[in-house]
Amino acid sequence: MTAPSPERPPVLLPQDTSRIVGREAQRLNIAAARLVADAVRTTLGPKGMDKMLVDPLGDITVTNDGVTILREMRIEQPCAKMLVEIAATQEREVGDGTTTAVVLAGELLANAEQLLDRNIHPTVITRGYRLAAEHAQEALAMIARPVRIEDHTLLSQIAMTAMTGKGIEQAREHLASLAVRAATAVAHRDGDRAAVDRSAIKLERAVGGRLEQSEILSGLLIDKERANPGMPGAVANARIALIDTPLEIRNPEINASISITDPRNLQGFLDMEEQMLREMVERVAASGATVLLCQKGVDDLAGHLLAKRGILCLRRVRKGDMERASAATGARIVADLGDLTPDALGRAGEVVGMDIGDASMTILRGLPGVRAATILVRGSTEHVVAEAQRALEDAIGDVSAALVSGRVVAGAGAPELEVARAVQAYAATLTGRERLAVRAFADAMEVVPRTLAENAGLDPIDVLTELKGAHGKGLTWAGVDVSTGKVMDAWDAGVLEPLSVKTRALASAVEVATLILRIDDVIQAGKPDAVNGPPDGMFGE
Ligand code: ADP
Ligand code: MG
């Protein structure tokens with residue numbers, strides 16, 4: 001290992017480039033990554049604390065959600081950023097386990113640091129970590145148990161676990177049942193497992209009312225009302241057209257001016273415009289459509305003409321909703337009205353306008369295509385609704401992940417301790433320095449139960465000693481009872497999580513830790529405006 005070089009290589013790099021090499025680079029990178037882990041670790045688990053995030057405009061978010069916190073922190077240090085990215089990937093791909101991934105990565109790095117201090121080469125550590133990770137994954141697969149679409153009790157326990165500590169305690173059971181109903185409504189069996197199209201589940205927010213009044217609407221809810229009050233408020237046996245072009249001639253977003261000198265020409269121009277709109281509406285009507293969803297604007301005259309034809313039209317429908325409507329009704333989204341043939345249309349049992357809170361929306365029910373479900377999230381304030389939405393997303397993600405992998409484990413630190421045991425047993429078969437690395441990995445797993453205990457205000461040493469004793473006696477699911485500080489059977493307590501959340505969190509943690517450990521040279525190019533401007537990130541973007 002080289003000592004930090006006192007001088008900059010003068011010819012290789014431009015003057016404002018900074019360079020840190022060797023042990024110093026590792027120390028700084030590990031320290032930065034651990035700071036990120038420390039920032040979120042107090043939020044882990046059912047007794048985790050919340051963070052209040054204030055953005056540059058003064059908007060406030062109060063949350064317990066690892067990835068939200070990291071995103072809002074706008075971290076700049078490159079290695080710390082890698083941890084944030086791991087959390088974001090975990091969130092995107094499995095939807096939960098983000099804090100766990102980051103906390104595990106931080107601990108793997110902390111333990112690696114001690115080995116580095118003992119002059120163990122990073123290559124040895126990363127190899128040891130990778131070998132250990134393989135055994136860890138096997139251990140997780142061994143203890144996991146099967147779960148199927150019919151297992152509603154297991155599934156709602158998974159949903160409940162996903163939502164613990166999210167500040168929606170009083171409504172947790174109700175929201176969990178909504179999450180399970182939504183996920184199972186869009187799931188279909190695929191051999192032993194299930195396929196779940198999470199995009200078929202839509203969460204719509206409504207401020208006003210209580211969390212317990214949140215409900216599931218079977219069908220697709222779109223937060224738009226009919227474009228013209230003359231249109232029908234409800235259409236049964238609807239034939240649905242989806243278009244992503246405007247039903248207007250002048251695009252109000254484009255500032256075009258036409259100079260007309262002769263008043264007769266103006267009339268001619270207006271007549272022509274009206275004629276074109278009439279033709280457009282005629283095309284829609286000729287296709288047989290009774291409901292029209294338009295992604296763009298619809299001219300008031302066109303709206304009026306559609307209303308006269310008895311066609312219900314929603315304008316400026318969001319792209320995501322257009323896609324959902326296409327999947328759910330079987331309609332094809334067309335860009336050219338000429339393509340609006342009867343076979344491009346989809347169907348819905350009914351399309352009805354609904355007043356939800358202060359908002360007027362429209363729901364499509366009786367959908368033939370992929371099943372769709374909408375959860376209407378109600379709550380007293382914007383903050384409550386937003387946090388409930390995040391909690392529901394986690395719950396839906398976890399229930400889906402459990403259905404997709406078909407495997408579930410109990411939590412509360414139990415699986416991490418089983419992994420630690422398996423990896424320790426593997427370490428015993430090794431010799432030399434690799435064994436130290438494998439052991440360091442096993443020890444790092446304990447950070448999960450330890451943090452759960454710490455966050456609950458318990459003595460982590462006592463709790464860990466008891467837990468390890470229980471696992472030693474063969475109690476696979478022995479976990480932390482955060483209310484009593486005693487050992488509980490996490491399976492019997494219903495603290496359940498999909499296997500894939502655990503396997504992915506572990507894999508991500510190992511990946512980012514080994515990536516960071518292998519860096520021994522950080523070359524940072526000077527920022528174009530670094531001389532006078534404020535450092536990036538200080539005032540946001
Ligand atoms: P993440 O972002 O990693 O999902 P969470 O804050 O959701 O972080 O905490 C997840 C951890 O909390 C898991 O280890 C899980 O097993 C544990 N946990 C959840 N509910 C309970 C509970 N009731 N008792 C003990 N541990 C729990
Ligand atoms: Mg979670």
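Both ligands and their constituent atoms are indexed starting at 1 by order of listing.
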**Message:** Testing the 3.5 Å rule here: is there a donor-acceptor pair between the side chains of D321 and Q295?
**Reply:** no
**Request:** Below 4.0 angstrom from a heavy atom of L452, which ligand 1 atoms are there? Numbered from 1 as shown, please.
**Result:** 12 (O), 17 (C)
**Message:** Please check whether A162 reaches ligand 1 - meaning an N/O of the residue sits under 3.5 Å from an N/O of the ligand, judged on distance alone.
**Reply:** no
**Prompt:** Can H383 and T381 be counted as having a side-chain donor-acceptor contact under 3.5 angstrom?
**Reply:** no
**Request:** Determine, considering heavy atoms only, which of A414, A412, G413, A490 sits nearest to atom 25 (C) of ligand 1.
**Result:** A412
**Message:** Salt bridge or not between E387 and R390? Use side-chain N to carboxylate O under 4.0 Å.
**Reply:** yes
**Message:** Check contact between G479 and ligand 1, using heavy atoms of the residue and a distance below 4.0 angstrom.
**Reply:** no
**Fill in**
Note, the Mg ion (ligand 2) has protein N, O or S atoms under 2.8 Å numbering 1
**Prompt:** Side chain, backbone, both or neither: which part of T43 has a heavy atom under 4.0 Å from ligand 1?
**Reply:** backbone
**Message:** Taking 4.0 angstrom as the limit and counting only heavy atoms of G97, give me the atoms of ligand 1 inside it, by number and element.
**Reply:** 1 (P), 2 (O), 3 (O), 4 (O)
**Prompt:** Salt bridge between E323 and K319, side-chain N to carboxylate O under 4.0 Å?
**Reply:** yes
**Asked** Taking the side chain as C-beta and beyond, is there a heavy-atom pair between E416 and P449 under 4.5 Å?
**Response** yes
**Complete:** ligand 1 to T161, heavy atom cutoff 4.0 Å, flagged ligand atoms 19 (C), 20 (N)
**Message:** Is there a polar contact between ligand 1 and T164, counting only N or O atoms under 3.5 Å apart?
**Reply:** yes
**Item:** S214 and R378: side chain donor to acceptor below 3.5 Å
**Value:** no
**Nitrogen or oxygen of G45 less than 3.5 angstrom from that of ligand 1** = yes
**Asked** Is T161 reaching over with its side chain to a backbone N or O of G494, donor-acceptor style, under 3.5 angstrom?
**Response** yes
**Asked** Which of the numbered atoms in ligand 1 are below 4.0 angstrom from a heavy atom of V480?
**Response** 25 (C)
**Prompt:** With a cut-off of 4.0 Å, which atoms of ligand 1 are near a heavy atom of G411?
**Reply:** 16 (O)
**Request:** Using atom types as modelled and distance alone, determine if a side-chain donor or acceptor of T184 lies under 3.5 Å from a backbone N or O of I149.
**Result:** no
**Request:** Before accepting this row, confirm whether a basic side-chain N of the pair E107/R450 lies closer than 4.0 Å to the acidic partner's carboxylate O.
**Result:** yes
**Message:** Once you restrict to heavy atoms under 4.0 Å, what part of V501 touches ligand 1? Side chain, backbone, both or neither.
**Reply:** neither
**ligand 1 N/O within reach of V495 N/O, cut-off under 3.5 Å** = no
**Asked** Would you say the side-chain atoms of R205 and Q389 include a donor-acceptor pair closer than 3.5 Å?
**Response** yes
**Request:** Report the residue from V124, L517, V438 that forms a side chain to side chain contact (heavy atoms under 4.5 Å, CB included) with Y129.
**Result:** L517
**Asked** Which of the atoms of ligand 1 are close to T99, meaning less than 4.0 Å from one of its heavy atoms?
**Response** 1 (P), 2 (O), 3 (O), 8 (O)
**Request:** State, with a plain yes or no, whether a side-chain heavy atom of T100 is found less than 4.5 Å away from one of Q90.
**Result:** no
**Request:** May I ask you to check whether E416 has an N/O atom sitting below 3.5 Å from an N/O atom of ligand 1?
**Result:** no
**Request:** Would you mind telling me if ligand 1 is within reach of the side chain of K502, the backbone, both or neither, using heavy atoms under 4.0 Å?
**Result:** side chain
**Item:** Within-shell test, M160 vs ligand 1, heavy atom, strictly < 4.0 Å
**Value:** no
**Item:** R504 side chain reached by E93 side chain, heavy atoms, under 4.5 Å
**Value:** yes
**Request:** Give a yes or no on whether a salt bridge exists between K468 and E466, defined as a side-chain N under 4.0 angstrom from a carboxylate O.
**Result:** no
